[in-house]
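Accompanying notes for the structure given below.
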Amino acid sequence: MTPQAFIKKWHNVELKERTASQSHFIDICALLGVDDPITADNKGEWFTFEKGASKTSGGEGWADVWRKDCFAWEYKGKRANLDKAFDQLLQYAIALENPPLLIVSDMNIIRIHTNWTNTVQNVHTIHLEDLTDAANRAILCDAFLDPEKLKPTKTRQLVTEQAAQNFANMAQRLRERGHPPQEVAHFINRLVFCMFAEDVDLLPNKMFERMIKTARPKPETFAIHAKALFGAMKKGGLVGFETVEWFNGGLFDSDDVLPLEWEDLDDLIRAAMLDWSDIDPSILGTLFERGLDPAKRSQLGAHYTDRDKIMQIVNPVIVEPLLAEWAEVKAQIEAQLDKAPKATKTKLLSTKEKTAVTRALDRAEKLHLGFIERLKAFRALDPACGSGNFLYIALLELKNIEHRVNLEAEALGLPRGFPQLGPEMVLGIELSSYAAELARVSVWIGEIQWMRRNGFEAAKNPILRTLTTIENRDAVLAPDGTRAKWPNSDVVIGNPPFLGVYKMAEELGEEYTNSLRKVWPELPGAADLVTYWFAKAWSKMQSGELQRAGLVSTNSIRGGANRAVLKPIAENGNIFEAWADEAWTVDGAAVRV
């Protein structure tokens with residue numbers, strides 16, 4: 001089929017979506033010279049129409065067309081809302097094996113959204129008349145045959161690093177002008193979140209960017225405008241004629257503002273040019289911590305701990321056990337549904353049989369909802385959370401599990417479930433006030449990004465839930481000289497501080513070091529600082545308050561005095577997964593763990 005013939009045929013078609021979509025797609029295949037799904041894969045294993053659940057309740061699949069490792073494609077009728085079609089694909093992406101491209105079309109427009117993890121998302125929009133251009137047909141052809149050609153080259157890491165540099169410059173100038181470091185950190189965190197909020201449309205009409213640019217000729221006016229904005233974000237209200245939602249969460253607990261000068265506003269303007277919707281919270285906190293904390297300024301460009309390393313802890317401690325639990329519950333659900341009578345083409349169900357089906361569905365749904373309640377009650381604690389990298393990734397994985405459970409339950413014919421898990425599931429303890437607040441910001445941003453990337457609306461009233469679950473205090477020694485308490489949790493994860501025995505008195509002080517050793521007599525006096533987190537986690541396991549723990553340590557934990565902390569765990573508990581010698585990053589420096 002020629003481009004001209006395709007355009008002529010589809011230019012004036014007004015058929016409804018269900019009637020026209022498969023015909024339209026088969027014509028696209030003919031236009032591009034690729035086999036259509038029926039020709040290419042008559043079993044529907046890797047390229048098929050109506051990909052999705054064979055739901056007992058009937059209904060459509062999860063995507064109108066699906067090509068494995070290439071795309072999921074959803075159609076809507078002409079002039080329909082393609083954003084809604086995209087949200088639908090996002091909601092089912094996990095069930096569709098997370099294709100790298102999500103494509104929506106209303107027959108007049110084809111919109112290709114890239115969906116690779118950890119890249120900035122791109123959108124290619126092709127109108128019907130654009131198909132005369134060979135370059136546009138090539139983009140479509142790549143979607144079928146070589147989607148890697150459409151993978152964005154700009155990573156979320158690069159965007160995040162650029163943003164961190166802009167704000168680090170400003171933070172340093174504010175401190176040089178005599179503003180207390182904690183005030184600077186709190187103020188910068190507000191600016192960071194405003195940049196993110198407007199790029200995900202939680203602040204209307206690029207309000208914050210317009211405010212910065214308006215203030216640039218007269219920098220003294222910035223404080224006036226920002227005070228009005230922060231005041232509105234505290235409880236919700238108006239800024240001029242525009243409505244601002246209720247944010248607060250402790251981040252916008254007042255309308256306090258630090259005055260800025262022209263070079264600060266220039267840094268803000270440069271930062272505003274970035275796409276903050278794709279900022280990476282798993283490194284955001286670390287990078288900003290280095291920029292905001294004078295002691296860590298030199299580490300701004302240093303390497304950080306990546307997602308794959310953190311998943312070595314999160315996967316065996318959180319993901320695999322919960323998915324194993326769900327597999328058992330799912331088997332029980334399937335058993336309940338298998339017992340229910342089935343209608344056939346030649347036999348309708350009697351009233352009694354219909355009642356039996358209803359009862360089976362009710363029992364199955366109770367099992368499903370029971371597991372969701374189990375997830376809602378689950379808590380993961382990082383008792384040395386830093387700027388929140390472990391907490392952010394743990395939250396996303398827990399939300400992924402809930403989403404997968406809901407999709408698999410829906411596939412079995414149960415009612416559709418929507419996300420209920422939120423930031424309250426991750427608990428943190430952190431000694432640095434800089435890092436503790438950055439952890440809260442990272443978790444907030446991660447939660448909102450997850451909702452958007454999976455096709456759901458962010459929570460409102462308030463947008464930011466107060467995260468008292470991330471505490472700013474010592475995790476092993478209380479102010480009164482006793483053992484510090486940890487909040488109740490199902491699991492403990494994290495990367496406790498590394499400090500050798502010979503440096504403890506020097507860096508922590510002799511009084512603190514002696515107090516620590518006094519309240520932990522089961523540890524040898526020559527043990528490194530990190531062993532106290534292992535000892536605390538083991539004590540909670542012994543009392544039945546903790547199921548599993550995954551902690552990072554220097555690899556010296558297996559020898560000398562440090563080995564004493566692992567001995568009772570190995571003898572009376574279970575070290576069920578371990579790595580003997582891995583590369584890690586601590587304060588910007590490469591170490592072995």
I'd like to know whether the aromatic ring centres of Phe247 and Phe196 sit less than 6.0 Å apart in this structure.
no
Gln336 versus Leu361: any side-chain heavy-atom pair under 4.5 Å?
no
Under a 4.0 Å N-O cut-off, is there an ion pair linking Asp201 with Arg452?
no
For the backbone of Pro99 and the side chain of Asn115, can you confirm whether one donor and one acceptor N or O come within less than 3.5 Å of each other?
yes
Side-chain donor/acceptor of Asn315 to backbone N/O of Val319, under 3.5 Å:
no
Would you indicate whether Arg473, at its atom CZ, is surrounded by more than 12 heavy atoms from other residues, nucleotides or ligands within a distance under 6.0 Å?
yes
Answer yes or no: is there an ion pair linking Arg307 with Glu397, defined by an N-O contact shorter than 4.0 Å?
yes
Could you give the distance from NZ (Lys354) to CG (Leu348), rounded to the nearest 0.5 Å?
7.5 Å
Verdict with supporting geometry, Asp83 and Lys76, salt bridge (Lys or Arg N to Asp or Glu O under 4.0 Å)
CA-CA 10 Å; Asp83 290 339; Lys76 291 295 176 190; over 6 Å; no
Ignoring hydrogens and angles, tell me if any N or O in the side chain of Thr114 forms a donor-acceptor pair with the backbone of Asn122 under 3.5 Å.
yes
Looking at Ala340, is its backbone amide N or carbonyl O close enough to the side chain of Lys342 to form a donor-acceptor pair, meaning the two atoms are under 3.5 Å apart?
yes
Going from CG on Asn189 to CD on Glu437, what distance comes out if it is rounded to the nearest 0.5 angstrom?
4.5 Å
Please examine the side chains of Pro321 and Gln547, heavy atoms only from C-beta on, and report whether any two atoms are closer than 4.5 Å.
no
Could you walk me through whether Met311 and Ile393 satisfy the side-chain contact (heavy atoms from CB on, under 4.5 Å) test, starting with their C-alpha distance in whole Å, then the side-chain angles of each, then the deciding distance to 0.1 Å, before giving a yes or no?
CA-CA 8 Å; Met311 283 301 294; Ile393 288 175; 3.6 Å; yes
Under 3.5 Å donor-acceptor, Asp41 side chain and Trp46 backbone
yes
Nearest non-hydrogen partners of Pro415 and Glu365, listed with the distance:
CD-OE1, 3.6 Å
Show, in sequence, the C-alpha distance, side-chain angles and deciding distance for Gln91 and Asn454, and conclude whether the side-chain contact (heavy atoms from CB on, under 4.5 Å) test is met.
CA-CA 5 Å; Gln91 288 175 18; Asn454 288 278; 5.6 Å; no
Near Ile575 CD1, under 6.0 Å, is it more than 12 heavy atoms from other residues, nucleotides or ligands?
yes
Within a strict 4.5 Å, meaning less than it, do heavy atoms of the Ile401 and Phe378 side chains meet?
no
Tell me, do Leu391 and Ser442 make a side-chain contact under 4.5 Å, heavy atoms counted?
no
Regarding Asp278 and Arg453, does a basic nitrogen lie under 4.0 Å from an acidic carboxylate oxygen?
yes
Could you state the interatomic distance from CD1 (Ile463) to CG (Asn248), rounded to the nearest 0.5 Å?
11.0 Å
What is the distance from atom CG of Leu140 to atom CD1 of Ile126, rounded to the nearest 0.5 Å?
4.0 Å
Provide the closest heavy-atom pair for Pro496 versus Val552 in the form atom of the first, atom of the second, distance.
CD-O, 3.3 Å
Any donor-acceptor pair under 3.5 Å from Asp64 side chain to Tyr75 backbone:
yes
Any non-hydrogen side-chain atom of Pro100 less than 4.5 Å from a side-chain atom of Lys151?
no
Nearest atoms (heavy-atom pairs only) where Trp116 meets Thr119:
O-OG1, 3.3 Å
Let me see the working for Asp36 and Phe25 under side-chain contact (heavy atoms from CB on, under 4.5 Å), right down to the final yes or no.
CA-CA 8 Å; Asp36 62 68; Phe25 188 83; 5.6 Å; no
Ala85 backbone acceptor or donor facing Glu74 side chain under 3.5 Å
no
Are the side chain of Arg379 and the backbone N or O of Glu424 linked by a donor-acceptor pair below 3.5 Å?
yes
Ignoring hydrogens, what is the shortest heavy-atom contact between Tyr392 and Gln449? Give both atom names and the distance.
OH-OE1, 4.4 Å
Check whether any side-chain heavy atom of Trp326 lies under 4.5 Å from a side-chain heavy atom of Ile333, and answer yes or no.
yes
Could you state the interatomic distance from CG (Leu96) to CG (Leu89), rounded to the nearest 0.5 Å?
7.0 Å
With Cys385, the side chain to side chain contact (heavy atoms under 4.5 Å, CB included) member among Ile470, Val443, Ile493
Ile470
Between Met1 and Asp27, does the side-chain contact (heavy atoms from CB on, under 4.5 Å) criterion hold? Intermediate values first, please.
CA-CA 7 Å; Met1 178 176 273; Asp27 281 355; 3.8 Å; yes
So, do Trp10 and Ser23 sit near enough that their side-chain heavy atoms are less than 4.5 Å apart?
yes
Counting C-beta onward and ignoring hydrogens, is there a side-chain heavy-atom pair between Thr469 and Pro487 closer than 4.5 Å?
no
Quick one about Asn400 and Trp450 (side-chain donor to acceptor, distance below 3.5 Å, no hydrogens or angles considered), yes or no?
yes
Does the cation-pi check pass for Arg416 over Phe418, that is, NZ or CZ under 6.0 Å from the six-membered ring centre and within 45° of its axis?
yes
Judged by modelled atom types alone, do Glu545 and Trp486 share a side-chain donor-acceptor pair under 3.5 Å?
no
Please confirm whether the ring centroid of Phe6 lies under 6.0 Å from the ring centroid of His24.
yes
Closest non-hydrogen atom pair, Ala40 against Phe47
CB-CD2, 3.9 Å
Under 3.5 Å donor-acceptor, Ser539 side chain and Lys536 backbone:
yes
Taking the inter-plane angle between the rings of His113 and Phe86 on a 0 to 90° scale, is it parallel (under 30°), tilted (30 to 60°) or perpendicular (over 60°)?
parallel
Least distance between heavy atoms, Ile103 atom then Ala143 atom:
CD1-CB, 4.2 Å
Which is it for Glu353 and Lys347 under the salt bridge (Lys or Arg N to Asp or Glu O under 4.0 Å) test, yes or no, and what are the steps along the way?
CA-CA 11 Å; Glu353 287 172 325; Lys347 175 181 175 291; 3.1 Å; yes
Distance (rounded to the nearest 0.5 Å) between Lys540 NZ and Lys485 NZ:
10.0 Å
Can you tell me if Trp276 uses its side chain to pair, donor with acceptor, with the backbone of Ala197 under 3.5 Å?
no
Parallel, tilted or perpendicular: ring planes of Trp62 versus Tyr92, cut at 30 and 60 degrees:
parallel
